[in-house]
S.K.: 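Below you'll find the structure I mean.
Index from 1, following the sequence. For clarity, every value in this text was computed on a predicted model and none was experimentally measured.
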Amino acid sequence: MSKKLALVFGGSRGIGAACVESLKGEFDVAYTRTGAAQGAYKADIQNADEVKKVFADIEAKHGRKVDCVVVNAGINVPPGPMAQFDPANFRKLVEVNIVGAFNVLAEAARQVADGGTIIAITTSLVRHPAPGLGPYSATKAAVECMVRSMAKELAGRKVRV
């Protein structure tokens, strides 16, 4: 029997690359990045169609659904106090960290195999605030709210979120 199949969004560097490496023993692993690269699927998570295409391409290549989805893709911007925080930077955070995560989580909810797992990487700053990081932390708190709801929504399919 073949290994289970994992998909890491944002798996080309940092925490995402570490996720890819740690999953390789138990899973066949695919990952995304924003730019084209050998071995990676190109996906801008802000674009729901690109997210959907990654799932379709992986299922076509492997002949099965993804068993584990890791939502790691996201950004940070220069920190700053709320009174001076650049509204354009806040919009960037929202578009990638909330809208992008929503796109991946929604498609994962539709596409992950029954009995599978969906993991979203956030930050301890949600529970341990730090000056200058409120806008970033808020976007990650939104992701945590989405996954808590999803856990209840997907429990009937035995999908862990």
Side-chain angles (χ1 to χ4, degrees), residues 1-77 91-127 136-161:
M1 185 171 157
S2 62
K3 292 180 180 179
K4 290 184 174 186
L5 180 58
L7 169 57
V8 179
F9 279 84
S12 63
R13 59 191 171 99
I15 293 170
C19 290
V20 168
E21 285 305 310
S22 68
L23 290 167
K24 279 185 179 176
E26 188 176 337
F27 293 86
D28 290 327
V29 182
Y31 67 95
T32 71
R33 60 177 291 144
T34 54
Q38 186 174 3
Y41 290 85
K42 182 183 180 304
D44 177 350
I45 64 170
Q46 296 173 88
N47 183 322
D49 290 336
E50 287 188 24
V51 171
K52 186 175 186 173
K53 184 177 182 328
V54 169
F55 279 95
D57 289 350
I58 289 172
E59 186 171 352
K61 178 180 178 180
H62 293 273
R64 63 190 195 271
K65 291 201 171 283
V66 173
D67 298 287
C68 176
V69 179
V70 178
V71 186
N72 175 68
I75 63 166
N76 202 347
V77 296
R91 178 150 314 272
K92 286 180 199 173
L93 287 171
V94 168
E95 291 297 325
V96 176
N97 294 353
I98 298 176
V99 175
F102 168 83
N103 290 337
V104 176
L105 290 167
E107 196 61 32
R110 289 186 283 271
Q111 299 297 331
V112 73
D114 290 353
T117 304
I118 300 169
I119 301 164
I121 307 293
T122 64
T123 178
S124 63
L125 292 168
V126 170
R127 285 161 300 290
Y136 170 77
S137 302
T139 64
K140 295 302 187 169
V143 173
E144 290 189 11
C145 288
M146 286 188 276
V147 297
R148 283 194 297 273
S149 292
M150 285 180 64
K152 293 180 182 302
E153 294 165 2
L154 299 176
R157 291 179 41 212
K158 301 208 182 319
V159 173
R160 294 176 301 149
V161 184

S.K.: Taking only residues at least two apart or on different chains, which pairs with a member in residues 137-161 satisfy ring-ring contact (aromatic ring centres under 6.0 Å, His included)?
M.R.: none

S.K.: Do I121 and V70 have side-chain heavy atoms sitting under 4.5 Å apart?
M.R.: yes

S.K.: Could you check whether any side-chain heavy atom of R64 comes within less than 4.5 Å of a side-chain heavy atom of S2, counting everything from C-beta outward?
M.R.: yes

S.K.: Indicate yes or no: at least one non-hydrogen side-chain atom of Q111 is less than 4.5 angstrom from one of I58.
M.R.: no

S.K.: Please table the atom pairs, donor to acceptor, closer than 3.5 Å between any side-chain atom in residues 142-152 and protein atoms at least two apart or in another chain.
M.R.:
from, atom 1, to, atom 2, distance (Å)
E144, OE1, R127, NH1, 3.0
E144, OE2, T122, OG1, 2.6
E144, OE2, R127, NH1, 3.2

S.K.: Using side-chain hydrogen bond (donor to acceptor under 3.5 Å, both in side chains) as the criterion, list what pairs up with E21, not counting sequence neighbours.
M.R.: K24

S.K.: In Å, rounded to the nearest 0.5 Å, how long is the span from OG1 of T34 to NZ of K42?
M.R.: 7.5 Å

S.K.: State, to 0.1 Å, how close V126 and S137 come at their nearest heavy-atom pair, and which atoms those are.
M.R.: CG2-O, 3.7 Å

S.K.: Applying side-chain contact (heavy atoms from CB on, under 4.5 Å), name anything that partners K61, two or more places apart in sequence or on another chain.
M.R.: Y41

S.K.: So, taking the atom named NZ in K140 and the one named OG in S124, what distance separates them when rounded to the nearest 0.5 Å?
M.R.: 12.0 Å

S.K.: Ignoring hydrogens and geometry, is there a side-chain-to-backbone donor-acceptor pair from D67 to L5 under 3.5 Å?
M.R.: yes

S.K.: Name every donor-acceptor pair, under 3.5 Å, that has one atom in a side chain of residues 7-19 and the other anywhere in the protein, sequence neighbours excluded.
M.R.:
none

S.K.: Report, one line per pair, each donor and acceptor closer than 3.5 Å where one atom sits in a side chain of residues 92-102; sequence neighbours left out.
M.R.:
from, atom 1, to, atom 2, distance (Å)
N97, OD1, I75, N, 2.9
N97, ND2, I75, O, 2.9
N97, ND2, T139, OG1, 3.2

S.K.: Mind checking the CZ-NZ spacing from F27 to K3? Nearest 0.5 Å is all I need.
M.R.: 10.0 Å

S.K.: What is the minimum heavy-atom distance between N103 and V51, and which atoms define it?
M.R.: O-CG1, 3.8 Å

S.K.: Counting only heavy atoms from other residues, nucleotides and ligands, does the tally under 6.0 Å from NZ of K53 exceed 12?
M.R.: no

S.K.: I want to check something: taking the side chain as every heavy atom from C-beta on, are V112 and R157 in contact at a cut-off of under 4.5 Å?
M.R.: yes

S.K.: Looking only at heavy atoms, which two atoms of A40 and Y31 are closest? And how far apart?
M.R.: CB-CE1, 3.4 Å

S.K.: Where the side chain of R110 meets the backbone of K52, is there a donor-acceptor pair that is under 3.5 Å apart?
M.R.: no

S.K.: In Å, rounded to the nearest 0.5 Å, how long is the span from CD1 of I119 to CG of L23?
M.R.: 7.0 Å

